[in-house]
Amino acid sequence: MTLVNGDGDHKHEADVEPKQNGHDAGEQTEDGNEQEVIVIQDTGFTVKIQVPGLEMFSIQVSPQEMVQEIHQVLMDREDTCHRTCFSLQLDGNVLDNFAELKTIDGFQEGSVLKVVEEPYTVREARIHVRHIRDLLKSLDPSDAFNGVECNSLSFLSIFTDGDLADSGRKRKKGAELEQIDCTPPEYILPGSKERPICPLQPQNKDWKPLQCLKVLTMSGWNPPPGNRKMHGDLMYLYVITMEDRHVSITASTRGFYLNQSTTYNFNPKPANPSFLSHSLVELLNQVSPTFKKNFAALQKKRVQRHPFERIATPFQLYSWTAPQVEHAIDCVRAEDAYTSRLGYEEHIPGQTRDWNEELQTTRELPRKNLPERLLRERAIFKVHSDFTAAATRGAMAVIDGNVMAINPSEETKMQMFIWNNIFFSLGFDVRDHYKDFGGDSAAYVSPTNDLNGVRTYNAVDIEGLYTLGTVVVDYRGYRVTAQSIIPGILEREQEQSVIYGSIDFGKTVVSHPKYLELLEKTSRPIKIQKHKVLNDKDEEVELCSSVECKGIIGNDGRHYILDLLRTFPPDLNFLPVEGEIMPEDCKKMGFPKEHRHKLCCLRQELVDAFVEHRYLLFMKMAAVQLMQQKTALQENAGALEGEGSSSEPSSSNKDEEQETTKSEEDAEADLDPESKLKELEESIEAHNETVDAKSREVIRKACQAVGSISDSTFDIRFNPDIFSPGVRFPESAMQDVHVQKLLLKDAAAFLLTCQIPCLIKDCLDHNIVPMDGATMAEAMHQRGINIRYLGKVLDIVNKFPIPAQLDHVHRILIGELITRSAKHIFKTYLQGVELSGLSAAISHFLNCFLSSFPNSVAHLPADELVSKKKNKKRKNRNLSSTDNTTWASVTPQELWKNICSEAKAYYDCTLECDHVDQAVETYNLQKISLLREICTKVGIQILLKEYNFDSRHKPTFTEEDILNIFPVVKHVNPKASDAFHFFQSGQAKVQQGFLKEGCELINESLNLFNNVYGAIHVEICACLRLLARLNYIMGDYSEALLNQQKAVIMSERILSIEHPSTIHEYINLALYCFANNQLSMALSLLYRARYLMLLVYGEGHPEMALLDSNIGLVLHGVMEYDLSLRFLESALTINTKYHGSKSLKVALSHHLVARVYETKGEFRSALQHEKEGYTIYKNQLGEQHEKTKESSDYLKYLTQQAVALQRTMNEIYKNGSNANIMPLKFTAPSMASVLEQLNIINGILFIPLSVSQTCPQETLTGQVLRITLRKCRRNPAITEQQIISPVLCFTYPANLAC
């Protein structure tokens, strides 16, 4: 019997059973792991590189690397970066670019590789020019602001003044104490009302890069005429140097040289001198002295930047703010725009990529051992990220009207497009396909449901079953689905192609044995029940998916499944069905409710959590009874038989449940849940084998009670076709259908009665601490709660008896509700806007939404309107049928009225606000946070400047403030399963106290992650964070600093510079900086974190207490006592609000404040605070507890000091200047004591252990540092239990401030 995976707290949306990728991750032993790792951990070695014109140098290589990777290293090195067209030769033999180093004969430690310049081709010349342009722009952030080339922003180096590794070497220990300026900017101080936006993106001094050339562009003389081609001319370039010299350059097979052409005269003959050079940089160095000087300085700066600041991210991140960037001439960018880069997509000359073939071929790669699986996962990940980028570009081109439709005669909403071998369709209900399901609303939500299905089937990864590459793009108010194309599908009618499933929602249904066989393999992990339905001829058809799931065999012979929008069972809370009565729990909460569409599905996380919940129920009902029965049988077999037969049929399920729960509770005392579960499972399996009718009966009843589809084992699956309009079931299946209906009703009730209360409890216990809408949505999704339940969650939070403790959750929920409702309105608002009116329309919308200006009016220049009308007659490209200027008449009152009615209609929540100022006042929101939320949700980019939201005399935004509109992209995230498995093994080791071994495993998982994802990925970020924490625990502060620095940069670049996770990374880095004696840096990082938290949420967040305690302690350490008090008192106020005045966290806060008052010599205030802390410790922990005693001793010490001070004062009053004054002890806190307190508040405790308890390899002397996780470090990739768990058990009460 299997425990079907149902970890409700699991982050991966498409995680399924461990049996994926063709090997059972769960069955691998750790020894097996470690042996497998050795395979890919062959030691690296050093080789020498000989480059023309340079001295020989050495580089480190690994046997798994390809020759191509050495090429990349040379193209990145400061002294060889300008070379692109060369081969590497070993002993005169040219090496194959795609060969692994270990396969090359004679390649070993100390081998000499020779760089040999190769002749250019047109392709190589273009690659060379592109590379030179990239080098010239390497410090320019405009690509990151414009959201192109997978560039994104990182600002850490501004606050650390470069690389931390360098600064650590430069500074001597403690030498910086004298010159620290600790004063934070005014807007960071507690209580400040100012929320500036400009510090979000501080200007980097390197951004005004050294200009090397005025112009580098393609010449108008391209392409070379036939006679010049025969002389080896490939293309012509035009350059204006900084000295204002205009030169024409020929790129030929031999290299680059100056020709005699001018702007108006073509003369391709070489100039005199021609400066023929193999590299364009070498040529320009000779032509322009300024170029030579500045290019060298630029490359020096480029290589000084942290590598993670320069590497492209796997998926594009868009910034919602940007400064005004100058638009410079750029030939490569211009060419990209005009050719759509189809000419040499990824340098494949003259052809577009066959995305479907690439996506499917990578899935077919072998996966028998670790190296094969790594290669396969790397290929899958790379193709997915390339496909996502191409699909995003194509979707934008479609909406911008730059792609010809394949059915141009149809109405615009019905048009479909093909671009770059990708098929694009719009999210509208064409041909009334979704008429019974909610029309356009259903058509809009269907692609995301389908994407979730694709994600799930991809994760199950069954050999022989194929899904389409799918990306969903929201852009300019439209939803576009981009899919790879099944070979041959465009030549056939859909009716002929579909051999499994239904094309008309269940009227005609067909099946196919091969599809049933393949889908049956997925049915257990995805929990789908095999079932029969009736077709239009009343014949029974067997399916193992929903009827909408279609099976098509492509011309390539592969079995594809598509339209996976009903992979998961329907959510009955939002699907009222006539004649069906919902459980009482649902009815009490006002369900079922009518929704806009009938495609509401339960999330996979909910299905998993529900199944796990049922499994525990099954254990209670069956296993405990079996154990009782076993005991009774041993005592008195005959008596038991008589009793059992009379009592059992009469006992109802509910009585059984109560009885078993009771015995379960008794058992819990002496067994921990896991071992108990195991024992029960074993006992059931043992009974299953014997032919004991009594035991079988117990199991059968338990199976029946929990809704298992099997009578002899626990196995819950759902029929996704239940309650689908148009689907009919045969008479023989009615019993099954009845069971399935009950199961769905129970699942709907489970969401309301278990998962939502669980979410609220976790917020209350601070196991999760959401900071913005995205982290709130993520927390809901982790527990399987859909966003449509936002109103219900808010409703429950509102009824909470101590509202202050959930204040932050309430505020985030309201903000999320308002911005999501505004997003719904914005979507339809934007569909009525032509391209030329976009910036005016968006600024008008933002004014209506956020500005206090009461009569916001949109301005449209009259001549633009005229040209639009002409335009409209000429070509009907606008996808909306409405008048193109209706958006201009929207008023703030009307918009807020619509937001309130949308919130009521969609989320069933009543908002009490007629305009933004009322919303801000009523719900304690801040406009800057609302602006950030709406911009990130819909893809708006605004100008980085200070906005006056509260002026009643002029609108906040103008057309010039809207810089761009970006797509919002949803896509599949392929996973590195082996790396993840190692990560978990490492955590298990850490949990058992084997820190060193755990560290090695985590390091290994980092290598594997790098192998699959490349250098930058959200899971690598989690890995680095944990490594840094372990380094810190094991006393290696400098290594902790370097790993955490990488984690911060990575978080900024893949999650965003102000994401809550980035804020936490900054706090961790500050702690490690402090431990490394870099005090001013620690402070500036903490100030940055506080600024970001103020921008994202505002004052008063529970995490702000941690941040303020950190800042206060560091300021205390550098003797800035008054400032320190401001922050520590702010932390005390917040802790009291969220944890109650009797909590241990508050006691710790009182103690920290008391310490500062003591160092200031204000003993009375210090005594007052320490007394408060002492009282809490005494009440919570008892007088004998170590903490209470410590506090008591400190109180005595303070009392002595206060008495001594009073005596001294009395002496002065009495004897004046003749007084004999005893020197008072005003001690500045030692760095060690400050660090100790910092460790405590950040969740790191020292626990002394006896030698026998520590592991033999432990490097720490008789002490193991242990991590007590305060709470989940919010991370989009890996949940907290996975990131780090307590190293050793800890006997303090759970709510001890740590």
Give the intermediate values and the outcome of side-chain contact (heavy atoms from CB on, under 4.5 Å) for residues Leu1069 and Met1081.
-> CA-CA 10 Å; Leu1069 184 62; Met1081 201 175 288; over 6 Å; no
Verify side chain to side chain donor-acceptor pair (under 3.5 Å) between Glu364 and Tyr466, making sure each step is shown before the conclusion.
-> CA-CA 10 Å; Glu364 290 166 346; Tyr466 297 90; 2.5 Å; yes
Would Arg603 and Asp608 count as a salt bridge (charged side-chain N to carboxylate O under 4.0 Å, His left out) if you check the C-alpha gap in whole Å, the side-chain angles of each, and the deciding distance to 0.1 Å?
-> CA-CA 9 Å; Arg603 292 184 64 84; Asp608 289 345; over 6 Å; no
Hey, mind stepping through Leu1027 and Cys999 against side-chain contact (heavy atoms from CB on, under 4.5 Å) and telling me if it holds?
-> CA-CA 7 Å; Leu1027 266 181; Cys999 212; 3.8 Å; yes
Step-by-step salt bridge (charged side-chain N to carboxylate O under 4.0 Å, His left out) determination, Glu463 to Arg367 | CA-CA 11 Å; Glu463 217 166 305; Arg367 41 173 147 175; 3.8 Å; yes
List the steps and the verdict of side-chain contact (heavy atoms from CB on, under 4.5 Å) for Leu101 and Val67.
-> CA-CA 6 Å; Leu101 300 184; Val67 175; 3.9 Å; yes
Show your reasoning for whether side-chain contact (heavy atoms from CB on, under 4.5 Å) applies to Arg783 and Glu605.
-> CA-CA 6 Å; Arg783 287 152 187 77; Glu605 297 91 338; over 6 Å; no
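Under the 4.5 Å side-chain criterion, counting only non-hydrogen atoms from C-beta, His1064 is in contact with Glu1103. The shortest distance between side-chain heavy atoms of Tyr1066 and Leu1086 does not fall below 4.5 Å. By the 4.5 Å heavy-atom criterion applied to side chains, Val769 and Cys763 are not counted as neighbours. Between Val454 and Tyr457, every side-chain heavy-atom pair lies at or beyond the 4.5 Å cut-off. Residues Phe155 and Thr160 form no side-chain contact, since every pair of their non-hydrogen atoms from C-beta on lies 4.5 Å or further apart. Counting heavy atoms from C-beta on, the side chains of Leu995 and Val990 come closer than 4.5 Å. At least one side-chain heavy atom of Leu1238 sits under 4.5 Å from a side-chain heavy atom of Asn1110. In this structure the side chain of Asn452 never reaches within 4.5 angstrom of the side chain of Gln604, judged on heavy atoms.
Put simply, CG on Leu1008 and SG on Cys1023 are 9.0 Å apart, with the number rounded to the nearest 0.5 Å. If you take CE on Met1050 and CZ on Phe308, they are separated by 3.5 Å, rounding to the nearest 0.5 Å. The distance from the CD atom of Glu1000 to the CD atom of Glu1004 is 9.5 Å, given to the nearest 0.5 Å. From Leu153, atom CG reaches atom CG of Leu317 across 8.0 Å, with rounding to the nearest 0.5 Å. The distance from the CG atom of Asn1011 to the CG atom of Leu374 is 5.0 Å, given to the nearest 0.5 Å. One finds the OG atom of Ser152 at 11.0 Å from the CD1 atom of Ile1049 (value rounded to the nearest 0.5 Å).
Neither side chain, Arg1053 nor Thr313, offers a donor N or O lying under 3.5 Å from an acceptor on the other. Donor-acceptor pairing under 3.5 Å is lacking for the side chains of Tyr1072 and Glu1039. Side-chain contact of Asn458 with Arg455: a donor-acceptor pair under 3.5 Å is absent, judged by distance alone. In this structure, a donor-acceptor pair under 3.5 Å is absent between the side chains of His1059 and Glu1052. A donor-acceptor contact under 3.5 angstrom links the side chains of Asn767 and Asp762, judged on distance only. Side-chain contact check for Asn1239 and Tyr1032: at least one donor-acceptor pair (N or O, by modelled atom type) lies under 3.5 Å.
Across all their heavy atoms, Met66 and Asn97 have their closest contact at CB-O, 3.9 Å. Heavy-atom minimum distance, Pro1060 versus Thr775: CG-CG2, 3.7 Å. Between Ile1244 and Arg1029, the shortest heavy-atom distance links the atoms CG1-NH1, 3.7 Å. Looking at every heavy atom in both residues, Glu377 comes nearest to Ser977 through OE2-OG, 2.5 Å. For the pair Met1093 and Leu1107, the tightest heavy-atom approach, listed with the atom from each and the gap, is CE-CD2, 3.8 Å. The two atoms that bring Ser1056 and Thr1062 nearest to each other are O-OG1, 2.8 Å, heavy atoms only.
Under the 6.0 Å cut-off for aromatic ring centres, Phe381 and Tyr1013 qualify, their centroids lying closer than that. For an aromatic pair to be called close, the ring centres must be under 6.0 Å apart, and Phe107 with Phe45 satisfies this.
Formation of a donor-acceptor pair under 3.5 Å by the Thr362 side chain with backbone atoms of Glu358 is found in this model. Here the side chain of Asn1010 pairs a donor or acceptor atom with the backbone of Leu1006 at under 3.5 angstrom. A donor-acceptor contact shorter than 3.5 Å links the side chain of Thr103 to the backbone of Glu100. At least one donor-acceptor pair under 3.5 Å links the side chain of His384 to the backbone N or O of Ile380.
Annotation: ring pair (Phe, Tyr, Trp, His ring centres under 6.0 Å) contacts of His71 (sequence neighbours excluded): Phe86. Residues satisfying the ring pair (Phe, Tyr, Trp, His ring centres under 6.0 Å) test with Phe387, not counting sequence neighbours, are Trp355. For Thr388, the side chain to side chain contact (heavy atoms under 4.5 Å, CB included) criterion is met by Phe315, Thr392, Val471, Val969, His971, not counting sequence neighbours.
Between Arg376 and Asp978, none of the side-chain N atoms (NZ, or NE/NH1/NH2) sits under 4.0 Å from a carboxylate O, so this pair counts as no salt bridge. In this structure, Lys975 pairs ionically with Glu1019, as a charged nitrogen and a carboxylate oxygen lie closer than 4.0 Å. Between Glu372 and Lys368 there is no salt bridge, since no side-chain N of the basic residue sits under 4.0 Å from a carboxylate O of the acidic one. One finds a salt bridge joining Glu1065 and Arg1025 here, because a Lys/Arg side-chain nitrogen approaches an Asp/Glu carboxylate oxygen to under 4.0 Å.
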